[in-house]
Every structure is written in C-alpha cells, then in structure tokens.
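Please read the structure below before turning to the comments.
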Amino acid sequence: MEFSKRRKLNLAGDQKNACYPHSLQFYLQPPTENISLIEFENLAIDRVKLLKAVENLGVSYVKGHEPYQSKMEAEIRKVKFSYRENLEDEYEARRKDHISHFILRLAYCQSEDLRRWFIQQEMDLLRFRFSILPKDKIQDFLKDSHLHFEAISKDEKTFPESDIKASSFSPNETGLELESVYKIPFADALDLFRGRKVYLQDGFAYVPPKDIVAIILNEFRTKLSKALALTARSLPAVQSDERLQPLLNHLSHSYTGQDYSTLGSAGKISLDQIDSLCTKSFPPCMRQLHKALRDNHHLRHGGRMQYGLFLKGIGLTLEQALQFWKQEFIRGKMDPDKFDKGYSYNIRHSFGKEGKRTDYTPFSCLKIILNNPPGQGDYHGCPFRHSDPELLKQKLQSYKISPGGISQILDLVKGTHYQVACQKYFEITHNVDDCGFSLNHPNQFFVESQRILNGGKDMKKEPIQPETPQPKPSVQKTKDASSALASLNSSLKMDMEGLEDYFSD
C-alpha cells in the first residue's frame with residue numbers, strides 16, 4: 001500500500017464486483033492502490049471504532065441472539081462498513097473494510113495482547129457477517145476464501161440422514177436437507193470430532209450449516225495469526241516512515257470519540273450542585289476523587305488533573321474552578337496566599353489561559369486506564385482497573401449496589417472489561433436494562449446520566465457573570481496531508497507530561 005495525493009482508481013461496475021464479490025472476506029490479498037495520509041488516518045480510526053463496538057456488544061449481549069444482531073448491524077451502518085450481501089453501491093464500504101483491516105494489522109501486530117484482541121474482534125465481526133450471508137452465496141464465499149468445503153451432492157443421499165442428524169448433536173432439528181451439509185476433510189473438523197458432533201465416513205466429515213461457522217472461524221484465526229506474525233517482522237521498515245510511526249504507535253490505545261471540552265457547557269452547574277451531582281451522575285472514578293477531596297481537603301497532582309478536567313468538561317467555569325479548589329484547600333489549613341501562588345496559575349493553565357494556551361480536554365477512559373497508574377496515597381485512576389477486587393466490592397456495597405449487580409460487575413472486571421463494568425454500574429444505578437451506548441468517557445457517563453434523570457433533556461444553564469474574553473492565537477488551516485498527520489501526532493502526544501509539571505506539588 002502506497003501513500004500519495006493521487007486520486008483513487010475509477011473502476012467500472014463489473015471491475016468493482018470482481019474486487020470485492022462479498023460483504024465479508026478472509027483478507028488474503030493486501031490492497032495495492034494509492035491512498036492519501038488523511039484517508040489512511042480516517043480509515044484506521046473508523047475501524048478502531050467498529051472493533052471496539054464489536055467488543056462491547058460481545059460482552060453485553062449473547063452472540064447470535066436478536067438484540068446482538070440488531071445492535072451489531074446498527075454499529076456497522078454507523079461507521080459505513082459492509083455487512084449485507086445484496087445491498088447496492090457496496091463498493092466503497094467493502095473497499096473501506098479491506099484497506100482498514102490491513103492498516104490495523106500494522107498497529108495491532110506489535111504485542112501479543114494487541115494481536116489477541118485484534119484477532120478476537122475480527123473473528124466476531126466475521127461471525128456476524130457470515131450469519132447473515134444468504135445461503136446461496138455461502139459456496140461462492142468458501143471458494144473465494146480458498147476453503148475447499150463442498151456442499152453434499154445429490155448422488156450422495158444414500159448416506160443415512162438419521163446418522164448425520166444424530167452426529168450433529170441436534171436431536172430437535174427438523175427438515176435437515178443434505179444439500180446444506182458440507183463435506184470437509186477430516187483434519188479440518190478436529191474440534192467437532194473431539195466433541196463428537198460430526199458424522200465421519202471415508203476420511204470426510206459431514207458438517208451442517210450451524211457448525212460450519214466454527215470451522216471457518218478456526219481457519220480465519222489461523223491465517224490471521226500467521227499474517228500478524230509476518231507483519232510484525234516487517235514492522236521496523238514501516239516504522240521508519242516518520243509519517244506513519246506516530247499514528248500506528250498511538251492507534252491501539254487512542255480515544256476516537258467526543259472530547260467533552262467545556263465549549264458549550266460552561267456555566268451549566270453551580271458549586272452548590274457538585275455534591276448532589278456526585279452521588280447521582282458521577283462515574284465511580286470521579287466519585288472516588290470527590291470523596292477523597294472532601295475528606296482530605298487535598299488531592300495529589302494526578303487526582304487534580306483527572307478531576308479538575310472532568311469538572312471543567314461538565315461545565316465548571318474558570319472562576320468557579322478557582323473558587324472550588326481554593327475553598328477546599330483552605331479547609332485543609334492551606335494559606336490562601338500559598339494557594340494563589342502555587343495553584344491558581346495551574347488551574348488557569350488547564351483552561352488554556354496561561355503558558356502555551358493549550359485548552360486541555362478531559363481524560364477518556366482509555367487514558368485513565370492505561371496511563372499514570374495510581375500509587376500510595378493517590379486516588380486517581382479507574383476503580384475497576386486499579387482497585388483490589390475486595391476493596392472494589394466494598395466500594396460498590398457503599399454505593400448501594402445489589403449483591404447480584406456486584407457479582408455481574410466483578411465478573412466483567414475479572415475478564416478485564418473495565419469500561420463495560422462501568423457501563424453495567426451505570427445501568428444498575430439508573431435502573432435501565434440497556435443504556436443504549438458504549439461507555440468510553442467519564443464525561444459521557446455524566447451527560448447520559450443527566451439526560452436520563454432530566455427526562456431526556458439537557459441541564460439548564462446556570463446564570464453566571466460573563467468572563468472577559470481573551471484572544472486566542474489563530475490557527476492556519478492546511479490541506480496538506482503531511483501537515484494534517486503531524487497535527488494528529490501532536491494531539492495524540494498531548495498526554496499528562498506537560499500538565500503534570502504545572503499540577504505538581
């Protein structure tokens with residue numbers, strides 16, 4: 001795959017169909033066309049969004065059941081990837097699916113954990129697409145994927161249908177047609193043979209459609225695992241390209257959703273509301289920080305960064321933030337002059353009013369989970385990721401979570417599904433069966449909570465004194481692909497380093 005500013009190839013209808021004959025594929029051939037760096041970035045981010053949605057749905061719903069199927073289809077349509085065989089104008093969606101898969105191979109081949117996660121989500125995506133593939137297209141798909149599984153022919157109907165049905169471990173299945181049974185080499189059906197779920201004769205296994213997907217997924221896993229290993233070997237050559245290295249290094253743990261900056265939300269809450277909002281609408285990570293601040297009248301720099309930017313995102317203005325932190329620190333016997341000299345500048349800096357005038361945005365769940373783990377005496381971080389299970393259980397009990405709810409949350413934590421565990425906490429505390437979104441950000445938790453508590457309406461804005469506007473340096477827009485990627489790199493690298501210096505004790 002090459003990168004340039006050349007436009008894409010224009011193909012006729014038959015040529016397009018030949019490129020991508022199906023809505024799903026084994027990704028056997030890498031793309032060879034030229035794409036711009038901007039498109040490279042956009043395709044990668046969209047596929048990350050899709051695979052993270054696949055992960056969340058796989059944990060929250062039973063795979064293959066109607067709620068899972070309908071929500072999966074909605075998520076795929078949202079990011080405009082291919083999913084159904086008979087839809088018109090599917091070329092762009094299938095092209096996007098093809099290229100983005102290979103881009104993510106570059107990003108997710110770098111460690112065993114990343115490879116395992118990527119393979120699992122790609123398998124779940126393939127399983128869903130195969131489940132809605134029309135029966136008359138299955139044989140063509142198998143052939144195009146180099147899987148030599150043939151549907152049983154009519155002249156082989158001498159095989160006893162009762163034996164095949166009994167061997168397929170589905171005694172309640174009726175109307176089984178032998179045309180839909182696949183004749184597969186015995187070595188490719190070892191898992192089914194091991195579970196005594198397949199009929200064997202003359203070195204072949206006769207597999208019904210409901211079991212063929214397991215064999216297909218096993219083949220896909222094997223091929224993709226080998227491909228990722230080969231990609232990892234050639235990765236140094238790719239990383240030597242300074243245009244791609246920053247994006248690939250950050251892609252696997254980048255946040256791609258809304259930044260929840262204070263723009264448009266400033267002044268929506270008053271200081272008197274914070275305590276009540278904490279109980280009703282704060283996620284556990286921020287609830288923990290608020291309690292520690294109220295109890296100790298102080299937070300170390302990691303906690304001030306995480307909580308301060310969260311409060312900024314839910315609507316605290318600069319003046320309110322200065323008042324809030326000063327009142328609390330003075331209660332801890334801090335001299336007002338010391339606060340003004342050592343902390344007020346830091347708060348103004350986080351609002352983009354000092355220093356480089358960078359307007360920092362609230363931390364996402366991924367940033368909280370992956371960066372700057374809490375140490376002794378710290379209260380920041382993610383309780384689901386960084387707390388001992390027994391302490392987490394006690395904390396959930398103090399939040400009046402039912403024993404059944406606590407058990408569900410702890411099971412998700414045990415499976416390392418920390419964001420889904422927080423989403424389950426949201427559903428339990430707001431008494432909803434399905435929150436209808438994938439939780440990726442503490443401020444998203446707050447916004448969705450307020451929407452439910454206010455009957456689907458946003459919070460009313462509190463009357464405040466207008467802040468004296470300060471001019472911001474203008475930013476020149478650019479259409480150059482390399483400059484755009486450099487800008488992305490800058491934003492991805494904007495982590496806690498610079499802000500830590502300002503918030504340090």
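Atoms considered below: every heavy atom in the structure, side chains included; atoms not considered: hydrogens, waters and symmetry mates.
- Counting all heavy atoms, side chain and backbone alike, Gly303 lies closest to Leu289 at CA-CD2, 3.7 Å.
- Salt-bridge formation is detected for the pair Glu122/Arg47: a Lys NZ or Arg NE/NH1/NH2 atom is positioned less than 4.0 Å from an Asp or Glu carboxylate oxygen.
- Residues Thr317 and Gln320 have side chains that bring a donor and an acceptor to within less than 3.5 angstrom of each other.
- Using a 4.0 Å cut-off between charged side-chain N and carboxylate O, Glu90 and Arg84 make no salt bridge.
- A distance below 6.0 Å separates the ring centres of Phe118 and Tyr108.
- Remark: Asn431 CG is loosely packed, at most 12 non-hydrogen atoms of other residues, nucleotides or ligands lying under 6.0 Å away.
- Formation of a donor-acceptor pair under 3.5 Å by the Ser60 side chain with backbone atoms of Leu57 is not found in this model.
- We find that Asp124 and Arg127 are joined by a salt bridge, their nearest charged nitrogen and carboxylate oxygen being less than 4.0 Å apart.
- Distance check: Phe324 CZ to Ser270 OG gives 12.0 Å after rounding to the nearest 0.5 Å.
- Under the 3.5 Å distance criterion, the side-chain polar atoms of Arg357 are matched with a main-chain donor or acceptor of Lys353.
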His441 and Leu366: CA distance, side-chain angles, deciding distance, side chain to side chain contact (heavy atoms under 4.5 Å, CB included) verdict:
CA-CA 8 Å; His441 203 292; Leu366 276 176; over 6 Å; no
Give the intermediate values and the outcome of salt bridge (Lys or Arg N to Asp or Glu O under 4.0 Å) for residues Asp388 and Lys395.
CA-CA 10 Å; Asp388 177 81; Lys395 190 183 299 292; over 6 Å; no
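- The local environment of CZ in Arg294 is crowded, with over 12 non-hydrogen atoms from other residues, nucleotides or ligands closer than 6.0 Å.
- Ion pairing of Arg116 with Asp113 is present here, as a side-chain N (NZ or NE/NH1/NH2) and a carboxylate O approach within less than 4.0 Å.
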Applying ring-ring contact (aromatic ring centres under 6.0 Å, His included), run through His98 and Phe102 and close with a yes or a no.
CA-CA 7 Å; His98 182 216; Phe102 279 90; 5.4 Å; yes
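- Judged by distance alone, with hydrogens and angles left aside, the side-chain atoms of Glu41 form no donor-acceptor pair with the main-chain N or O of Ile38 at under 3.5 Å.
- Of all heavy-atom pairs between Leu293 and Tyr307, the closest is CD2-CE2, 4.1 Å.
- Without hydrogens or angle criteria, Glu427 side chain to Val432 main chain gives no donor-acceptor distance under 3.5 Å.
- Closest heavy-atom contact between Pro374 and Gly381: CD-CA, 4.4 Å.
- Within a 6.0 Å radius of NZ in Lys78, other residues, nucleotides and ligands contribute 12 heavy atoms or fewer.
- Judged by distance alone, with hydrogens and angles left aside, the side-chain atoms of Arg221 form no donor-acceptor pair with the main-chain N or O of Ile119 at under 3.5 Å.
- One finds no salt bridge joining Glu75 and Lys49 here, because no Lys/Arg side-chain nitrogen approaches an Asp/Glu carboxylate oxygen to under 4.0 Å.
- Side-chain atoms of His101 never come within 3.5 Å of backbone atoms of Asp97 as a donor-acceptor pair (strictly under, hydrogens ignored).
- Using a distance-only test at 3.5 Å, with no hydrogens or angles considered, no donor-acceptor pair links the side chain of His417 to the main chain of Ile409.
- The CG atom of Asn371 lies 9.5 Å from the CE atom of Met305; values are rounded to the nearest 0.5 Å.
- Legend: residues meeting salt bridge (charged side-chain N to carboxylate O under 4.0 Å, His left out) with Arg105, ordered by chain and number and at least two apart, are absent.
- A donor-acceptor pair is defined here as one N or O able to donate and one able to accept, closer than 3.5 Å; such a pair exists between the side chain of Asp434 and the backbone of Gly436.
- By the 4.0 Å N-to-carboxylate-O rule, Lys291 lies close enough to Asp295 to be salt-bridged with it.
- Minimum heavy-atom separation, Gln288 to Tyr399: N-OH, 4.3 Å.
- Formation of a donor-acceptor pair under 3.5 Å by the Asn346 side chain with backbone atoms of Gly342 is found in this model.
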Pair Lys96, Glu39 - check salt bridge (Lys or Arg N to Asp or Glu O under 4.0 Å), show working.
CA-CA 10 Å; Lys96 178 180 182 179; Glu39 186 178 16; over 6 Å; no
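- Comment: Glu328 engages Arg331 in a salt bridge, judged by a side-chain N to carboxylate O separation of less than 4.0 angstrom.
- Using modelled atom types, one side-chain atom of Thr222 and one backbone atom of Asn218 make a donor-acceptor pair closer than 3.5 Å.
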Carefully, step by step, assess Phe329 and His298 under the rule ring-ring contact (aromatic ring centres under 6.0 Å, His included).
CA-CA 6 Å; Phe329 275 45; His298 186 270; 5.1 Å; yes
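- Results of the ring-ring contact (aromatic ring centres under 6.0 Å, His included) test with Phe310 over Phe363, Tyr360, Phe445, Phe282 single out Phe282 as the only residue that passes.
- A distance of 6.5 Å separates CD1 of Ile132 from OG of Ser23, quoted to the nearest 0.5 Å.
- Closest heavy-atom contact between Phe128 and Ser131: O-OG, 2.5 Å.
- Asp46 and Lys80 are not joined by a salt bridge, as no carboxylate oxygen comes within less than 4.0 angstrom of a charged side-chain nitrogen.
- The aromatic ring centres of Phe339 and Tyr345 sit 6.0 Å or more apart.
- Between Lys393 and Glu390, no side-chain nitrogen of the basic residue sits less than 4.0 Å from a carboxylate oxygen of the acidic one, so the salt-bridge criterion is not met.
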